[in-house]
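Since the structure comes first, as structure tokens, the remarks are kept for the end.
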Amino acid sequence: MAGMASEPGTQSRVMFQTKEEEPAQRKLGKLTVKYNRKDLQRRLDVEEWIDGQLHLLYDCEEEEIPDLEIDIDELLELTDEEQRSRLHELLQECGKPKEDFINGLLYRMKGLRKMSGSLKK
């Protein structure tokens with residue numbers, strides 16, 4: 001009797017695990033199709049450029065940079081003038097000239113597409 005009781009439990013557990021794995025594989029497939037590697041790399045390059053430029057603007061280490069978040073997706077929803085204005089707002093505490101940074105960022109953002117909320121940090 002003990003041997004028969006364990007067999008159905010084992011089969012149910014195996015089937016349950018198989019069903020759980022399938023949606024994860026499908027979700028990964030959609031992610032690959034929706035965001036190609038080139039788009040993701042361009043965005044990463046822009047974010048790394050921003051990080052490096054903020055170090056130069058604030059002339060300090062990352063831990064010392066004021067709490068500042070430049071949201072690329074937020075900027076992409078704005079017009080060019082609104083983007084420029086928003087960047088001036090975000091950088092108001094910076095004592096150094098900001099125009100080169102702002103112009104460089106706006107240039108690098110050309111052609112970027114907005115990401116869905118699931119990939120944002």
Side-chain angles (χ1 to χ4, degrees):
M1 283 278 199
M4 291 178 71
S6 64
E7 285 180 27
T10 304
Q11 288 177 348
S12 296
R13 189 171 65 221
V14 171
M15 291 173 61
F16 180 71
Q17 288 176 348
T18 302
K19 288 182 181 179
E20 272 188 5
E21 290 173 3
E22 289 176 12
Q25 290 171 347
R26 275 189 242 130
K27 186 175 182 181
L28 180 61
K30 288 180 184 178
L31 178 70
T32 304
V33 171
K34 192 170 183 177
Y35 304 106
N36 70 40
R37 186 179 195 101
K38 186 177 178 181
D39 288 343
L40 293 173
Q41 187 60 52
R42 281 192 65 207
R43 178 170 288 261
L44 178 63
D45 291 345
V46 170
E47 289 176 358
E48 287 176 349
W49 181 86
I50 290 170
D51 188 48
Q53 292 300 305
L54 289 177
H55 288 288
L56 295 174
L57 277 175
Y58 286 94
D59 197 23
C60 62
E61 296 300 316
E62 185 170 348
E63 304 82 43
E64 300 168 359
I65 293 177
D67 190 20
L68 174 68
E69 183 176 339
I70 297 176
D71 185 341
I72 294 173
D73 286 328
E74 174 191 332
L75 291 172
L76 288 172
E77 293 176 353
L78 305 173
T79 66
D80 288 348
E81 279 308 308
E82 290 171 332
Q83 289 174 347
R84 188 173 298 282
S85 175
R86 179 67 179 134
L87 288 168
H88 275 288
E89 276 177 39
L90 291 170
L91 298 169
Q92 65 187 356
E93 293 179 25
C94 179
K96 291 187 176 182
K98 305 171 268 278
E99 279 306 310
D100 286 344
F101 170 77
I102 291 172
N103 290 335
L105 177 56
L106 295 178
Y107 174 78
R108 283 167 176 77
M109 284 177 41
K110 299 284 185 212
L112 284 181
R113 294 185 302 163
K114 186 173 184 233
M115 297 282 180
S116 71
S118 64
L119 281 185
K120 287 172 58 176
K121 294 179 182 175

Checklist entry - Can you name the side-chain hydrogen bond (donor to acceptor under 3.5 Å, both in side chains) partners of E77, sequence neighbours left out? => result K114

Checklist entry - For the side chain of K98 and the backbone of L57, is there at least one donor-acceptor N/O pair under 3.5 Å apart? => result no

Checklist entry - Between E82 and S85, is any side-chain donor less than 3.5 angstrom from a side-chain acceptor? => result no

Item to check | Exam field: side chain R42 to backbone K38, donor-acceptor pair closer than 3.5 Å | outcome: no

Checklist entry - OH/Y58 to NZ/K96 distance, rounded to the nearest 0.5 angstrom? => result 11.0 Å

Item to check | For R86, side-chain hydrogen bond (donor to acceptor under 3.5 Å, both in side chains) partners two or more places apart | outcome: E74, E89

Checklist entry - Do Y107 and W49 make the cut of ring centroids closer than 6.0 angstrom? => result no

Item to check | Spacing of CD belonging to Q53 relative to CG belonging to L91, to within rounding of 0.5 Å | outcome: 11.0 Å

Checklist outcome for this item: Across all chains, not counting sequence neighbours, the side-chain hydrogen bond (donor to acceptor under 3.5 Å, both in side chains) partners of E99 are R84, H88

Item to check | Rounded distance [0.5 Å steps], SG in C94 versus CG in L56 | outcome: 10.5 Å

Checklist entry - Taking only residues two or more places apart in sequence, or in another chain, which ones meet D100 in a side-chain hydrogen bond (donor to acceptor under 3.5 Å, both in side chains)? => result none

Checklist entry - Should I72 and R108 be marked as a side-chain contact (heavy atoms from CB on, under 4.5 Å) after you check the CA-CA gap, both sets of side-chain angles, and the distance that decides it? => result CA-CA 11 Å; I72 294 173; R108 283 167 176 77; over 6 Å; no

Item to check | From L90 atom CG to L68 atom CG, the distance as rounded to the nearest 0.5 Å | outcome: 5.5 Å

Checklist entry - Taking only residues two or more places apart in sequence, or in another chain, which ones meet Q83 in a side-chain contact (heavy atoms from CB on, under 4.5 Å)? => result L75, L78, D80, L106, M109

Item to check | Atom pair CG/CD of L112 and E47 - distance to nearest 0.5 Å | outcome: 9.0 Å

